[in-house]
Amino acid sequence: MNLRARMSSALAHGLLGAAALLTLAPFAYLVCGAFKTRDAFFSAHFLPRGAGALGVDWGGLTLDHLARLFSDPSLRFGASLLNSVFYASVSGVLATLCAAMGGYALARFAFRGRAAVTALVLGALIVPAPLLLAPGYALVHRLGLLDTFAGLILPGLAPAFGVYLFRQAMLNAVPPDLLEAARMDGCGEVRLFFEIVLPLCRPMLGAFLLITFIGAWNNFIGPQIILQSPERFPLAVALAQVKGIYGTDYGLLMAGTLVSILPVMALFIGLQREFIAGLTSGAVKG
Amino acid sequence: MSSARLHPVWAPWIFLAPFVVLFGVFMVFPLVSSVGLALQQTYGPDTAVRVGLKNFADLFRDPLFWTAARNTFAYTAGSLFVQLPVALGLALLLNQPGLRGRAWFRLAFFSPSLVGLVFVAALFALILHEREGLLNAALARVWPGFPAEFPWLQRHIMPALILASLWMYAGFNMIYFLAALQGVDKSLVEAARVDGAGPCSVFRHVTWPAIAPVAGFVTLLSVIGSMQLFELPYILLGGAGPESRGLTIVMYLYQNGFETGDLGYAAAIGWVLALFLMGIAVLQRALQREARS
Amino acid sequence: MNTRRTDREPALTPAVWIVCTLAVLSSVAVALRPDAPRPDLLLWTFARPHQEMYAPVLEEWNAAPDRPRAESLLLTTDALQRRLLSGFLSGTPLPDVVEVHGGIAAQVFRGPVEQIGFLDLTDRLRETGLLEQFNPPSLTPWTTRGRIYGLPHDVHPVLLGYRADVVEAAGIDLSSVQTWDQFVHVLKPLMADADGDGRPDRYLLNLWETNPELLEVLLLQAGGGLFDAREQLAMSTDVNAHVLATIASWTTGPDRIAINAPEFDAAGNRLRLDGVVLCSLLPDWLAGAWQLDLPGLAGRVKVMSLPAWTPGGRRTSVMGGTMLGLPRAARDVERAWSLAQQLYLNRDIARRLYREAGIVTAVRTFWDDPVFDEPNPFFSGQPAGRLYLEQAPHVPARTSSPYQRLALAALGDAALGLKAEAERHALHRVEQLEPLARAHLAQAEQRVRQHMARNVFFESAGETP
C-alpha cells in the first residue's frame with residue numbers, strides 16, 4: 001500500500017470514527033441519564049464526576065429510576081411494556097403472514113382479477129398514511145372498535161407495501177416448476193405454501209417481520225387516536241404521558257426511554273444482516 | 001404461468017382473502033369515505049354538516065395551515081440538503097476498499113433510525129435543553145463564539161428538528177446508498193483510474209450515474225417521510241410550540257381532527273398533503289425517465 | 001394461528017422464531033391479565049396536587065358502607081382533553097366526575113349546545129341555592145350560551161409577588177405605589193448595572209411576549225381582554241392597544257424593565273432565586289407552586305395588589321381556572337353530583353387547597369375561614385390568603401370561548417410583531433407604539449374571526465346569567 005492510499009485510509013477511518021462517536025453520543029447520554037441520581041443529574045453530561053475510580057462519582061448512580069418505572073403503579077410501565085410487545089409482535093406476525101400470502105397469490109397464480117388487485121396494491125403504495133387518519137378513526141368508531149386492541153391492530157394487517165415486497169421476492173425466489181412438481185406429488189395448496197414457499201423466502205420473511213414489528217413498536221399516532229384506556233397504552237403513548245406529568249423528573253424519563261428502545265435495539269443487533277438485506281432488496285431492485 | 005391448471009380455482013383467493021378483506025375494509029373504504037368526509041364539517045364522528053368545497057377554500061385562507069406548510073417545507077428542504085449528502089458521504093467512506101470494522105460502523109450509523117420518534121423526542125428534549133443540554137455544551141466547547149443558552153426549542157425549532165432528523169435518518173439513507181454503491185461496476189472505476197481520473201472525476205462520471213436512480217428513490221422517500229413529520233415536534237414541544245414554530249401539516253391535521261373534533265377539515269388537510277405527495281412522486285418518475293433517455 | 005406450523009420449521013430464521021414466540025406469549029399474557037376493576041365512581045384530573053388532595057376525601061367516601069367505590073386517575077392535559085372529547089363525541093369510556101381546566105372546557109363548548117357532554121348544572125345550582133355561594137366571576141369560564149356546566153374550583157386572583165428583601169434593602173416603600181407608572185418610577189433605580197457587564201443586574205418584571213397568558217392577564221386587568229362580556233371577540237380595542245404598547249416598551253428599548261423568566265423551568269427559577277427578576281404576576285396557584293418548588297425564596301418575597309393601569313383602577317386580574325363537571329353519561333348522576341359537592345363544597349378541602357396549593361376557594365361562604373388569615377412565613381409573614389381574597393370579588397370575568405387558545409396565540413403573534421417593528425424602527429414611546437399595536441391587534445383579530453366564521457356549530461354565545 002502506498003503512502004497516499006494509506007493516508008486516505010487513515011482519513012476515512014478518522015472521519016467514520018468521529019461520525020460514529022457523534023452518532024453514539026446521544027445513546028451514551030441516555031444510558032448515563034437513566035442511572036444518575038436526581039442530584040447528580042446535571043453535575044456532568046455523561047457520568048457524574050467525582051473522587052471514585054476513573055474519576056467518576058459512582059455514588060451518583062442509582063437503579064432507583066428503573067425500579068420506580070416498574071414499582072410505581074400510577075406509571076403502569078410494566079403493563080405498557082407488555083402491551084408494546086403484544087401489539088408489535090402480533091401485528092408483525094399477522095401482517096407478515098397476510099402480506100406473504102397475498103404476495104404469493106399475486107406472484108405465482110394466474111387468475112381473473114389478478115391485474116386489478118396488483119394495480120390496487122401499487123396504487124395504495126402512494127397513499128400517505130395521514131390521509132387515512134380521520135376516515136380511519138370514523139370507521140373504527142363505527143365498527144365499535146375504539147379503545148380496543150382489535151381497532152388498533154386490524155387496520156395495520158393489510159400492508160400494500162408488504163404484499164408488493166413479497167410479490168417481488170416470490171417472483172425471484174420461488175420457481176414455478178418446483179410448485180408444479182409438488183402439486184403433482186399431491187401436495188395440498190396450504191401445505192405447499194407453508195412447507196415450500198415460505199422457507200424459500202425466509203430472508204424477506206424475517207426482514208418484513210422485523211420492519212412491521214419495529215413500525216408497530218414505534219407507532220404513536222395510531223394508539224394515541226384509537227386507544228383511550230391507560231391499561232392498554234403501549235410504551236410510545238405511555239412515555240408521552242410520563243413526559244407530560246413527570247417532565248422534570250429527567251432520570252425517570254431517561255430510564256423510561258431506555259427501557260422503551262432497548263428491546264428493539266437488542267432484536268436488531270442480533271438480526272441486522274437479514275434486516276438490512278430485506279430493507280434494501282425491494283428498493284434497489286424496484 | 002403453466003401451473004394454472006394444476007391448482008384449484010379457489011387457491012389464489014384463499015391466499016388473497018385476508019389481505020383483500022382487510023385492505024378493502026381498512027384501506028379502500030376509508031380512502032373512498034375520506035372524499036365525502038373532506039366535504040363535511042364535523043364535531044366528532046356523529047355530528048356532520050355538508051359544506052362542500054368550503055373546507056378547501058378555508059384551508060387555503062387559513063394562516064395556521066400556511067404556517068404549518070411553511071414549517072414542513074423548511075424541515076423537508078433542510079433535512080434533504082443536510083441529511084442526504086451526509087448519508088452519501090458516509091456510504092462512500094464505508095465503501096472504501098480495505099476498510100476495517102465496516103459492519104460496526106454500519107451498525108452504529110443505522111441504529112438511531114430504529115428509535116421511534118416519540119423516544120427520540122423524549123431524549124432530544126434534554127439534549128436540546130437551552131441551559132443544561134448536551135448540544136449547547138458541546139457546541140460551546142468546539143465553537144467558542146457560540147451564543148450561550150441557544151434557545152433551540154424556544155425559537156430555532158426547525159434547525160433543531162433537522163439536527164434530530166440528521167441523527168436519525170442519515171444512517172438509514174446511507175444503507176440505500178451503500179447498496180447502490182456495491183452495484184457500481186468495479187471494472188469501470190478501475191478503467192477510469194487507469195485513464196488518470198481523480199477521485200472527484202471518477203465519482204462524477206462513473207459512480208454518480210450508476211447510483212443516480214437510487215439517489216432519486218432515496219430523495220423521494222425522504223420527501224414523503226419528512227412531509228409527514230408529526231411526533232417529533234409534538235412530543236418535543238408538547239404541541240405546536242411558541243408561535244406555532246413547530247406546527248407541521250400532520251400536526252395541524254391531528255389537532256383539527258382529534259383535539260377539536262373536525263374530522264372533515266382533517267380529511268381535507270389529508271387530501272391536500274396526499275395530492276402534493278402524489279405530485280412529487282409523479283414528478284420524480286418523470287425526471288427519472290428524462291434522465292434515462 | 002397458522003404460524004404455529006412454521007414455528008416448528010427448523011430452517012426458520014431466528015427473527016421469525018423470536019417474534020412468533022413473543023406474539024404467542026404476550027397474547028396469552030394479555031388475555032389472562034385480569035381487567036383492572038373499574039371503580040363505581042371514577043374521577044379524572046390533570047393535576048397531581050389535586051389528586052393527592054382528593055385522596056383522603058375519596059378514602060373517607062369509600063369508608064362509608066353504602067357508598068359506591070370511588071377512585072381518581074391522573075392524566076396529562078392533552079390526554080384528558082382527547083379522551084374527554086373522544087368520550088363525548090365517540091362514546092369511549094368516560095369518568096363519572098372530571099376536573100378540567102379552562103382550555104379543555106372551552107374545546108368541549110365548541111360544538112352545538114346539545115352536543116356538550118357535560119351535564120347542565122344551571123337549574124341544580126339555582127334550586128339548591130348553591131349559585132349564591134360562588135363568587136360570580138368564577139362561574140364565567142364554565143358558562144356557555146347562558147348555561148353553567150361546571151362547579152368552579154377557584155377565583156385565581158393575580159397579585160404582584162416581589163422580592164421584598166431586595167426592595168426593602170434598597171429602602172423602597174411599595175405601599176404607596178398605585179399604578180404601573182409609579183411602579184416603574186419607584187423601582188427603576190434597582191436596575192442599575194453595579195457589576196459593570198453592560199446589562200442591568202436586575203429586571204423589574206417577569207413578562208415576555210412568548211408567554212401570551214401573562215399578556216392577557218394585563219389586558220384583563222386594564223378592562224380589555226380577548227373577548228367581551230358577551231363572549232364576542234374584541235381584541236382590537238383602545239385599552240388592549242395601550243396595554244400592548246406599554247408591554248412592548250417594557251420588553252425592548254431604553255425603557256425595558258422586563259425579562260423572560262419562565263415558570264416551572266430551571267433557567268427561569270434561577271433568575272427568580274438570584275434576584276435577577278424582582279416582580280412577578282402571581283396568581284394564587286402560582287404562589288402555591290412557588291412555596292413547593294422554590295423554598296429558597298421563603299421569607300424573601302411578599303405580595304401586594306397589582307399596580308393599576310389608571311389611578312383608582314382594578315388592582316387585580318385573573319389567570320387560569322379549573323372546574324369540576326359531570327359527564328351526562330355518568331352511570332349514576334346523583335352519586336356523582338354528591339361526590340362533586342364533597343370535593344368542591346367542602347370546607348376542609350378549601351382549607352387544604354389553600355394550605356397546600358395556595359389556592360383560594362370560589363365558595364364565598366368559606367372566605368371567613370381563619371386559615372386565610374394565618375401569617376405565611378413564605379411571604380414574610382403576610383396573611384397571603386386574605387390579601388388574595390380581598391381582591392377576589394374584583395377579578396375580571398374569564399372567557400369560555402372555544403377560540404380563546406387561538407386568540408391567545410394571535411395575541412402572542414401581535415405582541416411579537418409589534419416588538420419586532422418597534423426594534424426595527426427604534427420606536428419605544430408608548431404613544432408611538434399605540435397605533436402600531438392597534439394595527440397588529442386588528443390583524444390578529446381578523447385571523448381569529450376568520451377561524452370562528454368557519455364553525456357552523458357554535459352559535460355565538462348569549463349573556464352570562
Side-chain angles (χ1 to χ4, degrees), chain A residues 9 12 15-16 19-20 23-24 26 29-30 42 45 98 101-102 104-105 109-111 117 124 126-128 130-136 138-139 141 154-155 157-158 163 176 179-180 183 189 214 217-218 220-221 225 236 239-240 243 250 253 257 260-261 264-265 268 272 276 279-280 283-284, chain B residues 1 3-4 6-7 11-12 15-16 18-19 22-23 26-27 29-31 33-34 37 45 90 93 96 98-99 105 107-109 111-112 114-116 118-119 122-123 126-127 132 134 137 167 175-176 179-180 214 217 228 230-231 235 250 253 257-258 263 266-267 270-271 273-274 277-278 281:
Chain A
S9 164
L15 281 174
L16 285 171
T23 309
L24 296 178
Y29 186 69
L30 172 65
F42 288 121
H45 288 288
C98 187
M101 284 162 58
Y104 170 57
F109 286 94
F111 59 96
V117 176
I126 57 169
V127 174
L131 176 56
L132 297 179
L133 282 177
L139 173 68
H141 165 65
L154 285 177
L157 295 189
V163 172
L179 301 180
E180 267 179 65
R183 282 193 184 109
E189 291 297 328
I214 293 174
W217 186 278
N218 290 336
F220 171 74
I221 195 165
I225 290 170
L239 191 76
K243 185 174 183 290
Y250 298 117
L253 195 60
T257 311
S260 302
I261 69 173
V264 168
M265 285 292 169
F268 171 72
Q272 58 155 326
I276 288 175
L279 194 73
T280 46
V284 176
Chain B
M1 212 158 289
S3 61
L6 282 170
H7 66 75
F15 291 112
L16 264 182
F19 172 75
L22 288 168
F23 186 79
F26 290 106
M27 180 89 194
F29 178 78
L31 193 63
S33 71
S34 76
L37 199 55
L90 289 176
L93 286 172
Q96 291 245 330
L99 185 80
F105 282 126
L107 177 62
F109 296 138
S111 54
L114 296 166
V115 185
V118 181
F119 312 124
L123 176 57
L126 207 49
I127 288 180
E132 317 283 4
L134 182 62
W167 180 71
I175 296 289
Y176 285 105
V214 171
F217 175 81
Q228 298 182 24
F230 165 66
E231 287 97 331
I235 303 288
V250 176
L253 185 161
F258 305 103
L263 294 168
W271 271 110
L273 178 67
L277 290 181
M278 289 173 195

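Side-chain atoms are counted along with the backbone in the values below, which use heavy atoms only and exclude waters and symmetry mates. Below, chains carry the letters A, B, ... as their sequence lines are ordered, and counting in each starts from 1.
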Determine, stepwise, if the pair A:Phe109 / B:Leu16 fulfils side chain to side chain contact (heavy atoms under 4.5 Å, CB included).
-> CA-CA 11 Å; A:Phe109 286 94; B:Leu16 264 182; over 6 Å; no
Is it the backbone or the side chain of [X] that comes under 4.5 Å from a heavy atom of chain B, or both, or neither?
{"X": "A:Phe111", "value": "side chain"}
{"X": "A:Ile221", "value": "both"}
{"X": "A:Leu154", "value": "both"}
{"X": "A:Leu133", "value": "both"}
{"X": "A:Leu157", "value": "both"}
{"X": "A:Leu16", "value": "both"}

Taking side chain as everything from C-beta outward and backbone as N, CA, C, O, which of these in [X] sits under 4.5 Å from a heavy atom of chain A? Side chain, backbone, both or neither.
{"X": "B:Val250", "answer": "side chain"}
{"X": "B:Leu134", "answer": "both"}
{"X": "B:Phe230", "answer": "side chain"}
{"X": "B:Phe258", "answer": "side chain"}
{"X": "B:Met278", "answer": "side chain"}
{"X": "B:Phe119", "answer": "both"}
{"X": "B:Leu253", "answer": "side chain"}

Please round to the nearest 0.5 Å and tell me the distance separating atom [atom1] of [X] and atom [atom2] of [Y].
{"X": "A:Leu132", "Y": "B:Phe29", "atom1": "CG", "atom2": "CZ", "answer": "12.0 Å"}
{"X": "A:Leu131", "Y": "B:Met27", "atom1": "CG", "atom2": "CE", "answer": "8.0 Å"}
{"X": "B:Leu107", "Y": "A:Thr23", "atom1": "CG", "atom2": "OG1", "answer": "11.0 Å"}

Name all residues meeting the side-chain hydrogen bond (donor to acceptor under 3.5 Å, both in side chains) criterion together with A:Thr257; count only those two or more places apart in sequence or in a different chain, and write none if there are none.
->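 Expected list: none.
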Under the side-chain hydrogen bond (donor to acceptor under 3.5 Å, both in side chains) rule, collect the residues that match up with B:Trp271, sequence neighbours excluded.
->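 So B:Trp271 forms a side-chain hydrogen bond (donor to acceptor under 3.5 Å, both in side chains) with B:Ser34.
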Do you know which of A:Pro155, A:Pro128, A:Ala20 has the most heavy-atom pairs under 4.5 Å to chain B?
->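 It is A:Pro155.
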Highest number of heavy-atom pairs under 4.5 Å with chain B: which of A:Ala19, A:Gly102, A:Ala105, A:Pro130?
->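 Winner by heavy-atom pair count: A:Pro130.
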Closest heavy-atom contact between B:Ser33 and A:Pro135?
->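 Nearest heavy atoms, B:Ser33 then A:Pro135: OG-CB, 3.6 Å.
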Non-hydrogen atoms of B:Leu22 and A:Cys98 that approach each other most closely =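 In terms of heavy atoms, the two residues are closest at CD1-SG, 4.4 Å.
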If you count heavy-atom pairs within less than 4.5 Å of chain A, which of [options] leads?
{"options": "B:Gly270, B:Ala11, B:Pro30", "answer": "B:Pro30"}
{"options": "B:Leu90, B:Leu273, B:Leu99", "answer": "B:Leu99"}
{"options": "B:Pro18, B:Ala266, B:Ala281, B:Ser111", "answer": "B:Ser111"}
{"options": "B:Ala122, B:Pro45, B:Gly116, B:Pro12", "answer": "B:Pro12"}
{"options": "B:Leu277, B:Leu37, B:Leu123", "answer": "B:Leu123"}
{"options": "B:Ala267, B:Gly257, B:Pro112", "answer": "B:Pro112"}

Residue of the set B:Leu126, B:Ile127, B:Val115 for which side-chain contact (heavy atoms from CB on, under 4.5 Å) holds with A:Pro26 =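 Among B:Leu126, B:Ile127, B:Val115, the one meeting side-chain contact (heavy atoms from CB on, under 4.5 Å) with A:Pro26 is B:Ile127.
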For the residue pair A:Ile261 and B:Leu114, establish whether any side-chain heavy-atom pair is separated by less than 4.5 Å.
->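 Heavy-atom side-chain distance check fails, nothing below 4.5 Å.
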Do A:Met101 and B:Phe19 come close enough that some side-chain heavy atom pair is under 4.5 Å?
->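 Heavy-atom side-chain distance check fails, nothing below 4.5 Å.
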